Trainee: 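Please find one structure pasted underneath; my questions will follow.
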Amino acid sequence: MLAQSLQSIMGNFMFICIPSILYFVLWTKYGEKTGKVSKIVLFLFLSITLLLCMSFPFQYEERYFLDFRLIPLVLGILYGGPWVGAALLAILITYRYMMGSGDGLYFASIAAVVEYAGLVVISIKFRLNTLKKTFKALLISVALIPIALKLIWLCLDYITFKQTVYLVSFKVIEFFAICITVYLVEFVSSHFKIQMELQQIEKMRVISQIAASVSHEIRNPLTTVKGLLQLFREKDLPSDKRENLTEVALHELSTAINIISDYLTFAKPQIARMIPLELTSELQQVVSMLTPYANMRQVSLTVGLDTGLSILGDSQQFRQSLINLVKNCIEASSNGSVDVTVLMRGNDVVIRIRDTGCGMTADQIQRLGTPYYSTKEKGTGLGTMVAFSIIKAMNGTVQVKSEVNKGSLFEITYPIAT
């Protein structure tokens, strides 16, 4: 009998864990957090649990069916409210009636109604907002009150002393099983809640970093323009100097506009229409634009590619992403070289940008492309962020390999245009 009891208890507890914990794991993370839909889904999961528990009970003296049916009832009251609990109670009594009538049916129905009423009254009167309060409520409603009820039945000679001891012992086991289940549910729920809070904190941190980066970079050119406008107030300012200062002001305003454009591109890359891009012409445009800059920094810029390779994307955005990355490589490779090559790898096109610069550590590679992070002294990280964002929007991926004092390798992979 002991072995059968333990087998039934373990089986019932598995029935509790699978549907109930599955709901709190999946629905808490991916489903609606509040509302009628959430309560309906909770009711369906707990109904399945309840029916499974009652379908495989341990039968004691042919009229008592012992199982963990009260655990889904308690979960329904705690997390779905009195109405979900009432619906589960109705299913419990109905299914128990279908299993067989007799004294056991009445005892089971009375016990379930008393425990339901006790927990509902306690949960309404006292706000169960902590685990300690919840366990106290469970101790009273699903342990002390039912045990007191069985002692009353013993005094009225409805059950024998042996039956009382057995039923009370099972009630103690059931109470601990309920506490373990509630603890697991609270642990899972709090885990996902903390995860969501951390995600929100991370988002706010990223937003604050981007805002700090953009505001810092825009403030410098605007401060310059403000100073130049103050100089324009001077009536005796020579015309040639005025023209020179005007050029400086326009250049600073262009710088501010470019920073804002980079930020907007990072926030939402505008890939309005994906068209086939012939890589030979695209890369030649990029190299021709950056060759003077490379010569100025005494860097050898070379390009090698297979002819006839195409990808899908936006020409302007594609060039901008490559310009940002190649320019960074040039700035890191003074008196060195930067090689751009294109090759086929399966059904993908791989663009490799290799430099002979100062290289990066593993930690720097990990942080590359994050807001307000740059390996350059006066960098903001916006350029790399924009490049990574555009590549992702064009269904591409980026892998970075680097060694300190040996250089870096950027591998950009795109699906080939078909």
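In this text, all values refer to a predicted model and were calculated from it rather than measured experimentally.
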Trainee: Should the heavy atoms of other residues, nucleotides or ligands under 6.0 Å from CE of M98 be counted, would the total exceed 12?
Mentor: no
Trainee: Does either side chain, that of Y79 or that of E186, offer a donor lying less than 3.5 Å from an acceptor on the other one?
Mentor: yes
Trainee: When you compare the side chain of L325 with that of F388, does any pair of heavy atoms fall below 4.5 Å?
Mentor: yes
Trainee: To the nearest 0.5 Å, tell me how far Q320 CD sits from I323 CD1.
Mentor: 7.5 Å
Trainee: Looking only at atom types and distance, does a side-chain atom of S109 sit under 3.5 Å from a main-chain N or O of Y106, one as donor and one as acceptor?
Mentor: no
Trainee: Apply side chain to side chain contact (heavy atoms under 4.5 Å, CB included) to residues V120 and I122 and explain how you reach the verdict.
Mentor: CA-CA 6 Å; V120 168; I122 294 173; over 6 Å; no
Trainee: Determine, stepwise, if the pair V326 / L301 fulfils side chain to side chain contact (heavy atoms under 4.5 Å, CB included).
Mentor: CA-CA 9 Å; V326 175; L301 178 60; 4.0 Å; yes
Trainee: Would you check if E411 and V398 make a side-chain contact, meaning some heavy-atom pair closer than 4.5 Å?
Mentor: no
Trainee: What closest approach, in Å, do L92 and A112 show between heavy atoms, and which atom pair accounts for it?
Mentor: CD2-CB, 3.9 Å
Trainee: Is atom CG of N347 surrounded by more than 12 heavy atoms (other residues, nucleotides or ligands) closer than 6.0 Å?
Mentor: no
Trainee: If you define the side chain from C-beta out and look only at heavy atoms, does anything of L222 sit under 4.5 Å from L253?
Mentor: yes
Trainee: To check you understand the geometry: which heavy-atom pair defines the closest contact between A111 and L149, and what is its length?
Mentor: CA-CD2, 4.0 Å
Trainee: Decide yes or no for I412 and L322: does some side-chain heavy atom of the first lie under 4.5 Å from some side-chain heavy atom of the second?
Mentor: yes
Trainee: Under 3.5 Å, is there a donor-acceptor pair linking the side chains of S408 and S402?
Mentor: yes
Trainee: Rounded to the nearest 0.5 Å, what separation is found between the CG atom of D339 and the CG atom of D355?
Mentor: 9.5 Å
Trainee: Are any non-hydrogen side-chain atoms of W153 and I110 less than 4.5 angstrom apart?
Mentor: yes
Trainee: Determine, stepwise, if the pair I391 / Y414 fulfils side chain to side chain contact (heavy atoms under 4.5 Å, CB included).
Mentor: CA-CA 8 Å; I391 291 167; Y414 291 106; 3.3 Å; yes
Trainee: Search all heavy atoms of I77 against all heavy atoms of G85 and return the closest pair with its distance.
Mentor: CG1-CA, 3.8 Å
Trainee: Any side-chain heavy-atom pair from V182 and L75 closer than 4.5 angstrom?
Mentor: yes
Trainee: Write down the atom of L343, the atom of L309, and the distance for their closest heavy-atom approach.
Mentor: C-CD1, 4.4 Å
Trainee: Roughly how far, to the nearest 0.5 Å, is the OG1 atom of T164 from the CD1 atom of I147?
Mentor: 11.5 Å
Trainee: Test: side-chain hydrogen bond (donor to acceptor under 3.5 Å, both in side chains). Region: residues 113-126. Which pairs qualify, not counting sequence neighbours?
Mentor: E115-K171
Trainee: Which pairs would a plain distance check flag for residues 133-145, meaning a side-chain donor or acceptor within less than 3.5 Å of a matching protein atom at least two apart in sequence or in another chain?
Mentor:
| residue | atom | partner | partner atom | Å |
| --- | --- | --- | --- | --- |
| K133 | NZ | N129 | OD1 | 3.4 |
| T134 | OG1 | T130 | O | 2.9 |
| S141 | OG | A137 | O | 2.7 |

Trainee: Could you go through the side chain to side chain contact (heavy atoms under 4.5 Å, CB included) check for M274 and D314 one step at a time?
Mentor: CA-CA 6 Å; M274 303 278 278; D314 180 270; 5.9 Å; no
Trainee: Which residues pass the salt bridge (charged side-chain N to carboxylate O under 4.0 Å, His left out) test with R319, sequence neighbours left out?
Mentor: E282
Trainee: Assign the ring pair F107 / Y158 to parallel, tilted or perpendicular, where the plane angle (0 to 90°) is split at 30° and 60°.
Mentor: tilted
Trainee: Which value, rounded to the nearest 0.5 Å, describes the distance between K226 atom NZ and E252 atom CD?
Mentor: 15.0 Å
Trainee: Is there a side-chain contact between I93 and V113 in this structure, where contact means two heavy atoms from C-beta onward sitting under 4.5 Å apart?
Mentor: yes
Trainee: Within the side chain of T94, is there an N or O that forms a donor-acceptor pair under 3.5 Å with the backbone of I91?
Mentor: no
Trainee: Considering non-hydrogen atoms only, spot the tightest contact between K327 and Y293 and give its length.
Mentor: CG-CE2, 3.8 Å
Trainee: Got I351 and F318 here, is their nearest side-chain heavy-atom distance under 4.5 Å?
Mentor: yes
Trainee: I need the I311 CD1 to I416 CD1 distance, nearest 0.5 Å.
Mentor: 10.0 Å
Trainee: Can you see which heavy atom on M360 is nearest to which on I365, and at what distance?
Mentor: CB-CG1, 4.0 Å
Trainee: About how many Å separate CZ of R69 and CG of L88, when rounded to the nearest 0.5 Å?
Mentor: 13.5 Å
